[in-house]
Structures are given as structure tokens and as C-alpha cells.
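Labels below follow one simple rule: chain letters A, B, ... track the order of the sequence lines, proteins then strands, and each chain is numbered from 1. Remember, predicted model here, so these are calculated numbers, not experimental data.
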Protein chains: 2
Amino acid sequence: MKADISKDDATPTLDDVARKAGVSTATVSRCLNNPDRVVEATRARVMEAVKALEYTPNFAARVMAAKRTFTIGAIIPTMDNAIFARGLQAFQEALHARGYTLLVSSSAYRPDVEEEQIRALVARGADGLLLIGHDRDAPIYEYLERQKVPALAAWSFMEDGQIPSIGFDNRAAMSALAKEVIRLGHRRIAMISGISQGNDRARERIEGLKDALRESALDVDDLEIIETTYEVENGAEAFTQLMSRDVPPTAVLCGNDVLAVGASLGAKRLGLRVPQDVSITGFDDIELARITSPALTTVHVPHREMGRKAADALIDMVEGKKKVVSAKLETSIKKRHSLGPCPGTNDDPDHP
Amino acid sequence: MKADISKDDATPTLDDVARKAGVSTATVSRCLNNPDRVVEATRARVMEAVKALEYTPNFAARVMAAKRTFTIGAIIPTMDNAIFARGLQAFQEALHARGYTLLVSSSAYRPDVEEEQIRALVARGADGLLLIGHDRDAPIYEYLERQKVPALAAWSFMEDGQIPSIGFDNRAAMSALAKEVIRLGHRRIAMISGISQGNDRARERIEGLKDALRESALDVDDLEIIETTYEVENGAEAFTQLMSRDVPPTAVLCGNDVLAVGASLGAKRLGLRVPQDVSITGFDDIELARITSPALTTVHVPHREMGRKAADALIDMVEGKKKVVSAKLETSIKKRHSLGPCPGTNDDPDHP
DNA sequence: ATTATAAATGTAAGCGCTTACACTGACGAG
DNA sequence: CTCGTCAGTGTAAGCGCTTACATTTATAAT
């Protein structure tokens with residue numbers, strides 16, 4: 001009795017499908033990629049064979065031959081935090097709608113790790129890359145250019161960056177919020193920021209606050225800023241530190257909502273009421289901002305819109321449709337309850 | 001004047017490196033993959049060429065030839081929610097430490113999307129897959145088996161599942177929490193659960209509550225359960241609904257922290273104090289649970305440990321080291337402030 | 001019917017890498 | 001001095017797919 005050679009336990013290949021359908025591999029390939037270049041009857045036969053064999057194209061082989069992966073990579077600073085979650089979810093949905101798959105990896109806010117991940121994704125054939133912000137060394141942009149992998153920056157807007165961006169003006173947004181704080185009578189203002197090194201969003205937000213201070217003729221040198229990593233507990237600690245000063249601030253602006261929630265927590269521990277004793281503001285308007293109490297006055301960022309637009313723009317770049325795609329999205333101040341008039345001020349501008 | 005053929009603008013290949021170093025492609029390949037099989041002097045020369053050319057191996061080609069990708073795929077129900085974030089972060093870190101890359105995609109809690117993503121990741125050559133829970137149709141497991149792609153389930157433990165799991169006993173954990181609730185005098189108990197269809201974690205948690213009820217000789221039929229998707233606002237709405245009953249519950253157990261925070265929010269809107277008027281509990285112990293007020297009494301799940309162990313177990317499976325790796329992790333009840341004695345009960349068992 | 005033209009399909013050459021196998025030369029044993 | 005051994009390299013055969021080009025077949029115009 002002969003061994004049954006055809007007992008094919010391995011995963012079927014294009015060749016198997018072709019043989020089964022009685023056509024050439026080219027035809028099978030066309031059925032899968034350009035169905036309209038194959039006559040109906042043949043296509044039906046091929047598709048049947050595909051189904052019968054449960055054929056799935058080998059991705060690596062396809063990539064190698066076609067030099068396209070329909071894969072977009074995204075490298076975000078962290079997954080362990082909701083800041084990027086919503087925008088990324090929208091980004092993925094939009095990609096999916098256009099037939100692309102998203103690969104996500106995180107850099108832990110470390111430039112060297114980010115670079116490694118960029119190379120890994122490019123090596124894996126990502127057709128395009130979504131990066132957060134603009135802060136990175138020139139060589140990596142050159143690398144991307146050499147590899148001809150288009151990249152787009154999000155969560156930050158820069159008119160003439162090395163790569164186009166879909167984002168918002170962190171500086172102007174923070175400035176607007178700070179002006180509101182100042183309008184409410186606050187003069188002693190402090191800030192808890194994320195680490196600004198290698199993070200243009202954080203840096204721009206700081207600058208925005210300074211802009212507002214200057215515009216109101218307040219002394220920028222008086223501004224105390226504590227930089228810390230994005231964790232609730234760190235926000236609490238920084239806040240405690242700030243309030244231990246001889247002349248503690250009456251308003252603490254935070255670089256993001258996570259830090260602001262931490263500050264809130266710090267205030268609670270110190271027995272301070274927000275906003276009666278001290279005002280706190282956030283940035284990003286993640287869900288957390290709404291459900292914490294008091295609910296955070298913060299800068300609303302259109303995360304979902306940003307994700308969606310970034311996806312469309314990036315795919316356009318990948319498919320070579322358009323060139324310049326940068327877009328500046330509008331942010332707004334979301335007034336909730338963590339910001340109030342400066343204590344000791346007689347006149348609340350909103351209730352004169 | 002002849003065109004300068006050697007002006008190679010394209011990305012360098014193994015061949016280019018080999019030529020530059022004056023060796024064969026096999027040697028270059030060996031330098032990269034089995035450095036000790038090449039003599040020092042040659043290796044140095046090759047490495048120099050690699051550096052000079054800024055050579056990066058073509059991933060697809062490597063995969064195709066070697067049939068290994070050093071890539072692990074993970075499919076989680078959603079990224080738009082912190083439940084999986086921490087565990088996944090730990091998972092990625094552990095993978096990275098062992099030289100693997102993580103590819104994440106999300107299924108939006110939809111079985112059909114999950115299946116699509118599984119196939120996509122397998123096609124992309126994932127060496128192994130991390131899946132959440134055990135609820136999926138048999139054919140997909142057969143597919144995985146046929147493709148010889150090992151998979152591991154996390155966030156759920158099942159002794160004899162189709163695939164091994166690194167998780168915890170959702171049922172026992174919820175039962176333990178419910179017993180605590182009952183011990184505090186609560187008799188009218190309700191639950192807000194995630195959609196249990198296709199979600200074994202949600203289902204097990206419901207069963208756990210029922211177990212506790214039965215053990216305390218309470219009528220399971222009296223238990224009202226509202227199922228809704230994991231969003232804060234849905235938790236609030238479900239809570240409001242529950243409290244509008246003729247005989248509202250005195251304790252509302254939630255399928256997870258997000259829903260519990262929503263319930264809390266609902267209570268606030270209704271003017272109910274937690275836990276004086278009504279008790280609320282969560283599940284998962286994500287950061288949110290600690291910072292919401294009142295801080296949530298919830299089930300603590302060792303997310304980071306789970307992620308780490310899952311990574312190690314999965315890699316062991318991929319590398320064929322071990323076979324059975326299932327592990328049941330311990331959970332604990334995290335007592336905070338959202339659970340109190342039943343109102344109207346004279347005796348608080350903790351302060352008799 | 002005949003031929004020009006277009007549509008459908010087949011042929012086969014890679015894509016860039018790994019690896020089985022072949023080869024070379026140095027070394028120690030006999 | 002010869003031969004077997006073996007470490008270090010080279011040769012070349014794929015891996016499974018896409019696609020330019022060649023070939024065949026259908027369609028339309030004469």
C-alpha cells in the first residue's frame with residue numbers, strides 16, 4: 001500500500017488552490033486581489049477551492065512579492081493610560097474601514113525604545129507610521145525617508161515639522177485655559193507637568209501657560225513647575241509638595257488629566273477643598289475627568305476626530321494620493337467644577 | 001557617460017552586505033543569527049559592512065525562509081478601557097525581555113471580529129496568540145491547531161479548556177465578594193453586569209454571585225441583573241433603573257470597576273449616599289477604583305503578574321518547552337469605602 | 001468567414017532570506 | 001607523510017506569492 005501523498009496536512013498554498021480549481025497560480029492570485037480581472041465562472045470555481053481548502057494567503061510571501069502590507073504601525077508612549085486609548089481606537093476603526101490593519105507598540109516614553117520600535121515596524125513592512133508628537137532626532141526621520149515609509153504625527157500640531165501632523169495647538173490651548181484661570185483672579189499659579197524632555201506636547205503646554213502669564217503681566221519667574229511621570233500618585237505627590245511652599249499657589253494647572261486627578265487626591269489628603277481652597281485643572285478631557293469629583297475643568301481634545309482624520313491622512317500618504325495633509329483641530333475649554341474663583345478675592349467675575 | 005549603476009538608493013540587501021564584506025550571503029546570515037558559528041575576524045568584517053550600509057534585514061523574507069517571526073499577537077476586547085491595559089503592558093515587557101514583539105488588536109467584544117483578527121495575526125505569522133477568556137467557537141480552535149499556532153487564554157481560568165489559561169477564578173472571586181456583602185446584612189442585592197453573551201468572565205461572575213446567594217439560602221430568582229456594555233454612562237443608567245424598582249436593592253454588585261464607577265455616578269445624581277444609602281462594588285481593581293470617591297470596594301486582580309506569567313507561558317509553548325502551563329492566580333477582596341452595612345440593619349457585624 | 005482587437009489566462013522570473021549540503025584547508029593521530 | 005576530522009565558508013535550492021509578458025480565446029468589425 002502506497003503512502004497517500006496527497007494527505008496534505010500542511011497549510012495549503014496558492015498552488016494547491018490552483019491545482020484544485022484547475023487554473024494557474026496567477027489566476028488564483030488575481031481572483032484574490034483583482035477579482036474583476038477574472039471571468040465570473042473561473043472566479044467562482046477558484047473561490048470554491050479556496051473555501052474547500054480553507055486557504056489563507058501566506059502573509060510574508062505576499063508582502064515579499066507585492067511590497068505592500070496594508071499594515072499601519074502606531075507607536076504610542078504608553079498603553080497603561082487612557083490618554084491615547086480613545087484616539088487610537090478611532091484610528092483603528094478608520095483604518096479597518098479602508099482595509100488596513102493596525103499594529104500598536106509602546107515606547108514607555110523612551111526615545112531609544114521608540115526608535116527601536118520604529119525600526120521594528122518598518123522591518124515588518126508597515127506601510128505607514130503614526131507617531132506621537134514631533135520630538136525625535138533627525139536621523140530617524142532620515143531613516144524613514146530612505147525607507148520611503150510615510151509617517152504622520154498626531155496629538156500635536158506643527159506647521160512645518162519634518163512630517164505632517166494631525167493635531168492641535170497644545171500651546172494655545174493651555175494658554176486659553178490659563179487665561180481663564182487668571183480671569184478668575186488667580187495670581188499664584190503653579191503647574192504639574194509631564195516630563196518635558198522629549199515630549200513636545202508637555203513643553204508646549206508649559207509655554208502656553210507662560211504666554212498667558214506674560215500677557216497678563218505676571219512674572220513668569222514666579223511660576224513653579226514640577227515635572228513628573230504620568231501617574232496619579234505622582235500627581236498627588238507633586239501637589240503636596242507645591243502646597244508646602246511658604247506661599248502656596250491658589251491654582252494648580254496640570255499637564256494632563258491623570259496628573260490633575262492625582263492633584264485632586266493630594267488635596268483631599270491635605271484636607272483642602274477643590275475649588276474653594278485651591279483650583280485644579282487638567283488637560284485632555286479623558287473620561288476620568290468627568291467622573292472624578294469634583295469633575296475636572298480641562299481642555300477638551302477631539303480624540304476620536306483626531307484618530308479618524310489621522311487614519312485617513314496617513315492612508316492617503318501611503319497610497320500617494322496627497323502630499324500635505326496637516327490639520328489643526330480645535331480644542332475647547334471644558335468648564336466643570338475643579339476651577340473656581342481665587343479664594344480671598346471678593347469679586348467673582350461670574351457673580352459680581 | 002555611463003549611468004552609475006552602483007548608486008544604490010534602494011534599501012540594502014543581504015547580498016549587498018555580503019559583497020561589501022567579501023563573503024557569501026550564508027556567512028552574513030550566520031553572523032546575524034548564529035554569531036558563534038563564524039570566526040571572529042569574519043564576523044567583525046561583516047558587522048562593519050552591516051553598519052556602513054545601515055542594513056536591516058527584510059522581515060518578510062526572513063519569516064518566509066525561517067518560518068519564525070518572534071512575534072506574539074494579542075487580541076483584546078477593547079483598548080478603550082483600562083481593564084486590559086496594565087496586564088498587557090506587563091505582557092509586552094516580559095515578551096520584550098525574551099526577544100519577542102507584541103502585536104495588539106482589538107475585537108470590540110465581537111466574536112466575528114475576533115475571529116477575523118485571529119486569522120489576520122496568524123497570517124502575519126504570529127508565533128503565538130494571547131486571547132481573552134475561553135468563549136469562542138470550536139472551529140477557530142481547530143484552525144489554530146491546524147496552523148500549529150499555540151494560543152493561551154488569560155483573564156479567566158479553566159481547568160480543561162481547549163487552550164491552557166493563565167487567569168483567575170472569576171466565579172469564586174465574585175462569590176467571595178458577594179458573601180462579604182451578605183455578611184454585612186444586605187439581602188436585596190442586584191447586579192450590573194457586562195454582556196455575558198460570548199464573555200465567560202462576565203458569566204462566571206454572575207454565577208459566582210448566584211452561588212453566594214444560594215449558599216446563604218437567599219432566593220436567586222429575586223436577583224435582578226442588568227447587562228450592559230462597559231461604559232461609565234451605561235453603569236449610571238442601569239443603576240438608576242435598578243433604584244426605580246418598588247423595592248430597590250441595598251447593594252449593587254457590578255461586573256467591573258467601570259460599571260461600578262457609573263453606578264456611583266448614578267447614585268450621586270439620585271442624591272443617594274454611598275455606602276450609607278446604598279452599597280456598590282466593583283471588580284478588577286483598576287486604578288479608577290482607587291481614585292473615585294468613595295473609593296471602590298472591589299476584587300483585586302493581579303494584572304501585572306498575570307501579564308508576566310502569560311508571556312512566559314506562551315513563549316514556552318511557542319518554543320515547545322512545556323505543554324501544560326495553566327495557572328490559577330489568586331485574587332483578593334480590596335475593601336475600600338463603597339461597601340457598608342445594610343441600611344436599616346441595627347447591627348453592623350464589624351461594630352457590634 | 002476573416003482578421004484586428006480586446007479579454008482571459010498561463011508562464012516564469014523574481015522578492016530577500018535561511019539552511020542543507022558541499023567544499024576547503026588546518027590539524028592531530030597513526 | 002597520509003588520512004580522517006572538523007571548523008569555517010560557499011553554493012544553491014527553496015519559502016509562497018505577485019506580476020510583466022506571452023499566449024490563447026472571445027468579440028467585434030469588415
Under 4.0 Å between any heavy atoms, over every strand shown, what does [X] touch: base, sugar-phosphate, or nothing? Just pick one.
X: Val23(A); result: sugar-phosphate
X: Ala26(A); result: base
X: Tyr55(A); result: sugar-phosphate

Candidates dT18(D), dG16(C), dT19(C) - which lies nearest the side chain of Ala66(B): dT19(C)
Rounded to the nearest Å, what distance is computed from the [atom1] atom of residue [X] to the [atom2] atom of nucleotide [N]?
X: Met64(A); N: dC15(C); atom1: CE; atom2: P; value: 8 Å
X: Arg45(A); N: dT9(C); atom1: CZ; atom2: P; value: 8 Å
X: Phe70(B); N: dT18(C); atom1: CZ; atom2: C1'; value: 13 Å
X: Arg43(B); N: dA7(D); atom1: CZ; atom2: C1'; value: 14 Å
X: Arg62(B); N: dG16(D); atom1: CZ; atom2: P; value: 18 Å
X: Asn58(A); N: dG16(D); atom1: CG; atom2: C1'; value: 6 Å
X: Glu40(A); N: dT25(D); atom1: CD; atom2: P; value: 21 Å
X: Leu53(A); N: dC17(D); atom1: CG; atom2: P; value: 11 Å

Grab the two heavy atoms, one from [X] and one from [Y], that are nearest each other, plus how far apart they are.
X: Thr25(A); Y: Asp15(A); answer: CG2-OD1, 3.3 Å
X: Gly125(A); Y: Thr69(A); answer: O-OG1, 2.5 Å
X: Val17(A); Y: Val50(A); answer: CG1-CG2, 3.8 Å

Residues Phe91(A), Met306(A); criterion side chain to side chain contact (heavy atoms under 4.5 Å, CB included); working and verdict: CA-CA 8 Å; Phe91(A) 184 71; Met306(A) 184 164 60; over 6 Å; no
If you compare every side-chain N and O of [X] against the phosphate oxygens of [N] (OP1, OP2), does one of them come in below 4.0 Å?
X: Ser24(A); N: dG10(C); answer: yes
X: Thr25(B); N: dT11(D); answer: no
X: Thr27(A); N: dA8(C); answer: no

Close side-chain approach of [X] and [Y], heavy atoms under 4.5 Å:
X: Val46(A); Y: Lys51(A); result: no
X: Pro77(A); Y: Ile132(A); result: yes
X: Tyr109(B); Y: Glu114(B); result: no

Arg98(A) vs Asp312(A), salt bridge (Lys or Arg N to Asp or Glu O under 4.0 Å): CA-CA, chis, key distance, verdict: CA-CA 9 Å; Arg98(A) 292 185 62 174; Asp312(A) 284 333; 3.3 Å; yes
Write down the protein N/O and nucleotide N/O pairs, taken from nucleotides 22-24 of chain C, whose separation is under 3.5 Å; answer none if there are no such pairs.
none

Close approaches to DNA chain C from residues 29-39 of chain A, in residue order (heavy atom, under 4.0 Å): Arg30(A), Val38(A), Val39(A)
Interatomic distance, Arg45(A) atom CZ to Thr27(A) atom OG1 [nearest 0.5 angstrom]: 9.0 Å
Value rounded to 0.5 Å, distance of CG in Leu95(A) from CD1 in Ile315(A): 5.0 Å
